[in-house]
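One structure is given here, and the rest of the page talks about it.
All values below come from the heavy atoms of this structure, side chains included, with hydrogens, waters and symmetry mates left out. Chain A is the first sequence line, chain B the second, and so forth, proteins listed ahead of strands; every chain is numbered from 1.
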Number of protein chains: 2
Amino acid sequence: MTTSLSTTPVFQTIKDYLLREIQKGTWKEGDAIPSEAALAQQFNVSRMTVNRAVRELTTEQILNRIQGSGTYVAQQKYQATLVAIKSIAEEIRSRGHEHRSELHELVEVEANEQLAQQFQVQPGHALFHSVIVHFENDIAIQVEDRWVNSILAQDYLTQDFATKTPNEYLMAVAPLQGVDYSIEAVIPPKTIADMLQISSKESCLVLHRKTRSQNQIATIVTMWHPGNRYQFTGSF
Amino acid sequence: MTTSLSTTPVFQTIKDYLLREIQKGTWKEGDAIPSEAALAQQFNVSRMTVNRAVRELTTEQILNRIQGSGTYVAQQKYQATLVAIKSIAEEIRSRGHEHRSELHELVEVEANEQLAQQFQVQPGHALFHSVIVHFENDIAIQVEDRWVNSILAQDYLTQDFATKTPNEYLMAVAPLQGVDYSIEAVIPPKTIADMLQISSKESCLVLHRKTRSQNQIATIVTMWHPGNRYQFTGSF
DNA sequence: TAGTGGTCTAGACCACAGC
DNA sequence: CTGTGGTCTAGACCACTAT
């Protein structure tokens, strides 16, 4: 067998294929996917290559493997965690309050070194950048500083974020594959403090979130909240 | 080469070896570990087997690999997982760091009006109260202010929390039924700031958590962390 | 250029599940 | 028993880094 000519490794191609088919519904939760031998034949590669693809999807909890039996699509987990990817607008409305947002920036930019690394793309790759302030009953409650991969959301710039938040739009165009987040307490830079109408000595509760879709980084967002009037909650 | 006779796979043996050496300090953060070829020779196995061990440690963020250069011990991050109700001691040890705790208070009290309401018991109900400061490599990283329902943990007062944290003890005696939590950024009261050895102007990342067991409120805990050196992370 | 990791092969033997 | 996954080999070629 000659080595793949494209730059993407074969095992990655197979992972993508399996993910796509699962998303398409070809195999539903609990269904068995083809055996390693079958996939090896289908892709005309060695079994070890298929094994790596399937093994990695197993550690990513996409699949379950049972020795002697087969490989199955895993159950989607209930994640009622704090970062339920809920739109802030929806959250505010569910409290019976009025939601309003102000668009402070909406531009296309070329990824610099650092952003390129975070998005796992080449420097110069097109990204969208938006900064939106969300108000609950006219009180600033969140600054949403968002970077979006242009490939996954081509018409991001033409959206009307007053009627549909970036979150709501992105959920529609880029099916969510995974999320990483971290939460910290930080003293905000002055620009953020001003937008939140707080002193730059008050600390903020900051949520960083990176979402994956179609095996790419879809969006990286930093949400700044006034520490004294916001908290994350959850239960399980 | 014959297959290993022991039941543990060779790649796992190599992972264990590498983790042990890192923990021992043989290679510190940023140091290069031996090359794949060297490890293959050392363990008398094929390079692919070593590759799997090292690759998995890389996805687990224990190592960094740079093609053409080498494999290096990754930077340990101050991070906690939210979703797992993990003992802070265990978390610190899993980073290869030393955990130490100081007991500041351990008493039995009668629930006042407010506590009684939170615990859903009658005022006067017996509760235990403990305040413990946790250190990671002698740096204060958490103040754990805990209230415990005496019914579910009768011998709470006689525990040695230096060897077993309250969390570990409670997990053993009171099977977890459910959890509610909230996270906020707060300026700490002076007593807390002093225990964390920070200025009372620096904000804290605070996790409130209420756990249920046997259909009662088992424990209500407030954990204070220095905002500038602690964050919660997670992914799904 | 020599050394490193990144990937892949075409076999192999084993343990386990299900018929 | 057959078919599945679990592991391992002894090579190979490639891309990249450091010198």
>> Counting only side-chain heavy atoms from C-beta out, which of C:dC8, D:dC8, C:dA12 sits nearest to A:R47?
In response: C:dA12

>> Tell me which pairs pass salt bridge (Lys or Arg N to Asp or Glu O under 4.0 Å) where either residue lies in residues 119-132 of chain A, with sequence neighbours left out.
In response: none

> Over how many whole Å does the gap from A:L18 atom CG to D:dG5 atom P extend?
Replying inline: 12 Å

>> For A:A116, give me all partners under side chain to side chain contact (heavy atoms under 4.5 Å, CB included), at least two apart in sequence or on another chain.
In response: A:A111, A:V121, A:P123

> Under 3.5 Å, is there a donor-acceptor pair linking the side chains of A:N149 and A:H125?
Replying inline: yes

>> Please give me every residue in residues 48-57 of chain B whose heavy atoms get under 4.0 Å of an atom in DNA chain C, ordered by residue number.
In response: B:M48, B:N51

> So, is B:S46 close to the D:dA10 phosphate, meaning a side-chain N or O under 4.0 Å from OP1 or OP2?
Replying inline: no

> Please, which pairs that meet salt bridge (Lys or Arg N to Asp or Glu O under 4.0 Å) have at least one residue in residues 34-48 of chain B, sequence neighbours excluded?
Replying inline: B:E36-B:R47, B:E36-B:R65

> Rounded to whole angstroms, how far apart are CD on A:Q41 and P on D:dG3?
Replying inline: 13 Å

>> My understanding is that only residues two or more places apart in sequence, or in another chain, count here; which of them pass side chain to side chain contact (heavy atoms under 4.5 Å, CB included) with B:S69?
In response: B:I66, B:Y72

>> Using the side-chain hydrogen bond (donor to acceptor under 3.5 Å, both in side chains) criterion, which residues pair with A:T26? Sequence neighbours excluded.
In response: A:E21

Provide a list of protein-nucleic acid N or O atom pairs under 3.5 angstrom, restricted to nucleotides 16-19 of chain D.
from	atom 1	to	atom 2	distance (Å)
D:dC16	O4'	B:Q67	OE1	3.3
D:dT17	O4'	B:G68	O	3.1

> Nearest to the side chain of B:V45 - C:dC13, C:dG5, D:dT9?
Replying inline: D:dT9

>> Taking side chain to side chain contact (heavy atoms under 4.5 Å, CB included) as the definition, give me every residue that meets it alongside A:S130, ordered by chain and number, with sequence neighbours left out.
In response: A:L106, A:R146, A:Y156

> Got a sec, which residues hit ring-ring contact (aromatic ring centres under 6.0 Å, His included) with A:H129, two or more places apart in sequence or on another chain?
Replying inline: A:W147

>> Just N and O in the side chain of B:R65: are any of them under 4.0 Å from OP1 or OP2 of C:dG6?
In response: yes

>> Whole angstroms only, please: what is the CG-P distance between A:N44 and C:dA10?
In response: 9 Å

>> Going by side chain to side chain contact (heavy atoms under 4.5 Å, CB included), name the residues that satisfy it together with B:K28, two or more places apart in sequence or in a different chain.
In response: B:D31

>> Tell me the interatomic distance from A:E36, atom CD, to C:dA10, atom P, rounded to whole angstroms.
In response: 16 Å

> Can you name the closest pair of heavy atoms from A:C204 and A:L196 and give their distance?
Replying inline: SG-CD1, 3.9 Å

> Between B:I33 (CD1) and C:dT4 (C1'), how many Å, whole number?
Replying inline: 12 Å

> Can you name the residues that form a side-chain hydrogen bond (donor to acceptor under 3.5 Å, both in side chains) with B:Q159, not counting sequence neighbours?
Replying inline: none

>> Short of 4.0 Å, heavy atom to strand atom, which residues of residues 118-125 of chain A count as contacting DNA chain C?
In response: none

